[in-house]
K.L.:
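Before I ask anything, let me first share the structure, which is written out below as structure tokens.
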There are 2 protein chains.
Amino acid sequence: MPVQFSISDLERETGISRDTLRIWERRYGFPAPQRNQRSERNYSVEQLERLRLIKQLMDSGMRPGKLAILDLQQLSQITQQQRETQTVPRDVEELLQILATGPRYGLLARLEALLQQQGLRDFLIGVLAPMNHAVGEAWFAGRIGVLDEHHYAEQARMVLLTALRRLPQTPGNSRALLTTLPGEQHGLGLLMATCMLALEGVEVLLLGVQTPLEEIVRGAIEGECSIVGISCSEYMNRRTVATQLVRLRNLLPDTTVLWAGGGGIKGIPAMPTGIQLFSSLDQISTALQKSAAR
Amino acid sequence: MPVQFSISDLERETGISRDTLRIWERRYGFPAPQRNQRSERNYSVEQLERLRLIKQLMDSGMRPGKLAILDLQQLSQITQQQRETQTVPRDVEELLQILATGPRYGLLARLEALLQQQGLRDFLIGVLAPMNHAVGEAWFAGRIGVLDEHHYAEQARMVLLTALRRLPQTPGNSRALLTTLPGEQHGLGLLMATCMLALEGVEVLLLGVQTPLEEIVRGAIEGECSIVGISCSEYMNRRTVATQLVRLRNLLPDTTVLWAGGGGIKGIPAMPTGIQLFSSLDQISTALQKSAAR
DNA sequence: AGGCATAATTTGTCCTAGACAAAAATAATT
DNA sequence: AATTATTTTTGTCTAGGACAAATTATGCCT
């Protein structure tokens, strides 16, 4: 029984817009779905899988025109090659194992043990950051489900919030506002950044995900925050992120620093001055020390 | 300087698709945005506001054809009428005051004091539940912004998670899986329900927001959960909620109980047997005691 | 008057095919 | 080798038409 997907389904599942899917079909001849009586597109599981792979490879900088020609085998070969170049820490591998096979209730305990063992800073940089990436990839490859992804996020959130409340609440020397752009669903990176900043004694005004730009500006001004931090996950569209960051920069007062980090800023082209991109968490510490020295 | 929005912006901000926006313009003459040199639509802030109101009213069952004719005044008048005149507890009023006027960093302390004073159960029922409603309403009326709403949610989340971890971790007699439906953004109600269940000694598998139905089912089966709980905020479309709940019920094994609660289930018509709707948090306790007695 | 089948209307999603600017790659120049 | 100009690639927007699913109105029977 062949399962078929509508163009809406594909948009949701792959993150590629309808418009783009249609124009790829026109230009590259892929994906060329079957049509129903109403001449609507009906995509197959194979096409979905192939598009998932293409999207993943695009996020690491490749171009759709080249990828659309390749078949499933060639695509997964490239993916394989890419994956082999990066080493996954042993702890992360173990966590993934727990996530994929259970027992479900053991994840929290393992996370807490690792936190205890490594300390918050190393835990964030050495465990959670690579784990986030690995979880996203495992989901993409179909090795785990949305369910497992959510479960991981929730447990990690819990561990971090607990750790955060344990930190000494010193009246900070500076203040930061942290949130995500409209459209961004993932809030875990936000919490991780909050922890990094709190470790450096910065007072954090944590807003959840998806704050409208105007409200970010209001919050920064009213809360007298010298730093505005934006977390972008890998699932976000690069161009949207870039455009919105520039717009935010223009709306913010010149005295406010704008920082952006997370998997979603990889592959973003040059940013105008006044927007600082962080490709890893530990850059936060050094940036803070620099700005404190000034 | 008039701020202008593209059709993509509007899709993101209002949740109304491009296609729908364009066809409303064709059919009802609203919204009729200005065009730039490239004859692309440029929407004004007024149009955005009006569409936001329309979306809200649609979610409570009204039809776009009727609403699109009305101007901003008429729309807000209907909204006004819809709003029930109800008494707000004094604590909630005070919290709203803090939220609206600051100091921003005082909210957490006040929430914690109330929790300490009233105990978790009464805090949930007497403070957070009415506060959630009041915050939503205050935002709708323009008395507070998205910023304040997010700030409140984040602080409340922090208080609850801390409280949750303080509860004795008894090996529960039964297990529940808690999440929201796809499309639902608000996760605070979820955390509140988790607390209520944990108070009754139920082991909770907390997944964040927006879990696909199939994944909910898988989680319930794999995690051997006898209860599946769904939280629906007032911002959700009633019809969508009803349809999805029924679909979920059909996918779940008969032995699993399906519970739904939150502001979003008010006004939902009769549900088939096997779906239990909770209009307030304390119904959770009684329902649990009933099912335990069996 | 209430229940129910049928017709009319409303509504959202999908379609084709063309246009064009922004980004990226390539070529040409200093 | 670094800049600048040109070409190619790519995604988003436009228009108006079509149609099914959902909703409301209508007629008919009990």
Side-chain angles (χ1 to χ4, degrees), chain A residues 4-12 14-43 51 54-55 57-69 183 236-244 246-247 267-272, chain B residues 4-12 14-43 51 54-55 57-69 183 237-244 246-247 269:
Chain A
Q4 301 267 299
F5 303 94
S6 74
I7 200 168
S8 301
D9 293 335
L10 248 74
E11 179 178 39
R12 181 168 24 78
T14 66
I16 303 167
S17 80
R18 305 142 191 269
D19 275 335
T20 304
L21 285 169
R22 282 197 273 255
I23 211 142
W24 282 5
E25 185 180 340
R26 207 197 298 176
R27 288 193 183 139
Y28 316 127
F30 176 84
Q34 293 197 307
R35 304 303 185 101
N36 61 12
Q37 299 96 328
R38 239 192 298 166
S39 78
E40 292 174 354
R41 291 169 175 80
N42 273 154
Y43 296 88
L51 283 168
I54 289 178
K55 184 74 197 304
L57 290 171
M58 275 176 61
D59 286 345
S60 63
M62 304 200 169
R63 312 206 76 192
K66 314 277 172 187
L67 295 167
I69 319 163
M236 283 289 281
N237 180 299
R238 304 301 135 108
R239 197 179 297 175
T240 315
V241 169
T243 318
Q244 297 209 82
V246 172
R247 250 184 68 201
I268 281 190
M271 281 276 110
Chain B
Q4 301 267 300
F5 303 94
S6 75
I7 199 168
S8 300
D9 293 335
L10 247 74
E11 179 178 40
R12 180 165 28 76
T14 65
I16 303 167
S17 80
R18 303 144 195 266
D19 272 335
T20 303
L21 285 169
R22 282 196 274 256
I23 212 150
W24 282 6
E25 185 180 340
R26 206 197 301 175
R27 287 192 185 141
Y28 315 128
F30 176 84
Q34 294 197 308
R35 303 305 184 102
N36 61 12
Q37 299 96 327
R38 241 190 300 163
S39 80
E40 291 174 354
R41 291 168 173 80
N42 273 151
Y43 296 89
L51 283 168
I54 289 178
K55 185 76 198 306
L57 290 171
M58 275 175 61
D59 285 347
S60 63
M62 302 202 169
R63 314 204 76 193
K66 313 279 173 186
L67 294 167
I69 320 161
N237 181 301
R238 302 302 135 107
R239 221 168 282 149
T240 317
V241 169
T243 318
Q244 297 210 80
V246 172
R247 248 185 71 203

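All chains are named by letter (A, B, ...) in the order of the sequence lines, taking the proteins before the strands, and each is independently numbered beginning at 1. What's counted below: heavy atoms across the whole structure, side chains too, no hydrogens, waters or symmetry copies.
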K.L.:
Could you run through nucleotides 18-25 of chain D and give me one letter per nucleotide, 5' to 3': B if any protein heavy atom sits under 4.0 Å from the base, S if only the sugar-phosphate is that close, - if neither?
P.N.:
BSS--SS-

K.L.:
Within less than 4.0 Å of OP1 or OP2 of C/dT11, is there a side-chain N or O belonging to B/T20?
P.N.:
no

K.L.:
Measuring to OP1 and OP2 of D/dA15, would you say a side-chain N or O of B/R35 lies under 4.0 angstrom away?
P.N.:
yes

K.L.:
Sequence neighbours left out, what passes side chain to side chain donor-acceptor pair (under 3.5 Å) with A/R12? Give chain and number order.
P.N.:
A/D9

K.L.:
Strictly below 4.0 Å: does A/S17 bring a side-chain N or O up to OP1 or OP2 of D/dG11?
P.N.:
no

K.L.:
Expressed in angstrom and rounded to an integer, what is the separation of B/N42 atom CG from D/dT12 atom C1'?
P.N.:
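For the pair B/N42 CG and D/dT12 C1', the rounded distance is 14 Å.
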
K.L.:
Report all side-chain donor-acceptor pairs from residues 19-26 of chain A shorter than 3.5 Å, counting only partners two or more places apart or in another chain.
P.N.:
from  : atom 1 : to    : atom 2 : distance (Å)
A/T20 : OG1    : A/S17 : OG     : 2.9
A/E25 : OE1    : A/R41 : NE     : 2.6
A/E25 : OE2    : A/R35 : NH2    : 3.2

K.L.:
Under 4.0 Å from OP1 or OP2 of D/dC13: is there any side-chain N or O of B/S8 that close?
P.N.:
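So the side chain of B/S8 is within the cut-off, an N or O lying under 4.0 Å from OP1 or OP2 of D/dC13.
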
K.L.:
Just how far, in rounded Å, is C1' of C/dT9 from OH of B/Y28?
P.N.:
10 Å

K.L.:
Between atom CG in B/D19 and atom C1' in C/dT16, what is the gap in whole Å?
P.N.:
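The distance from CG of B/D19 to C1' of C/dT16 comes to 13 Å, rounded to the nearest Å.
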
K.L.:
Without decimals, in angstroms, what is the distance between A/I69 CD1 and D/dT10 C1'?
P.N.:
14 Å

K.L.:
With a cut-off of less than 4.0 Å, is there a side-chain N or O of B/S39 near OP1 or OP2 of D/dC13?
P.N.:
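Negative; the distance criterion is not met.
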
K.L.:
Looking at B/E40, I'd like to know if its CD atom is crowded, meaning that more than 12 non-hydrogen atoms belonging to other residues, nucleotides or ligands lie closer than 6.0 Å.
P.N.:
yes

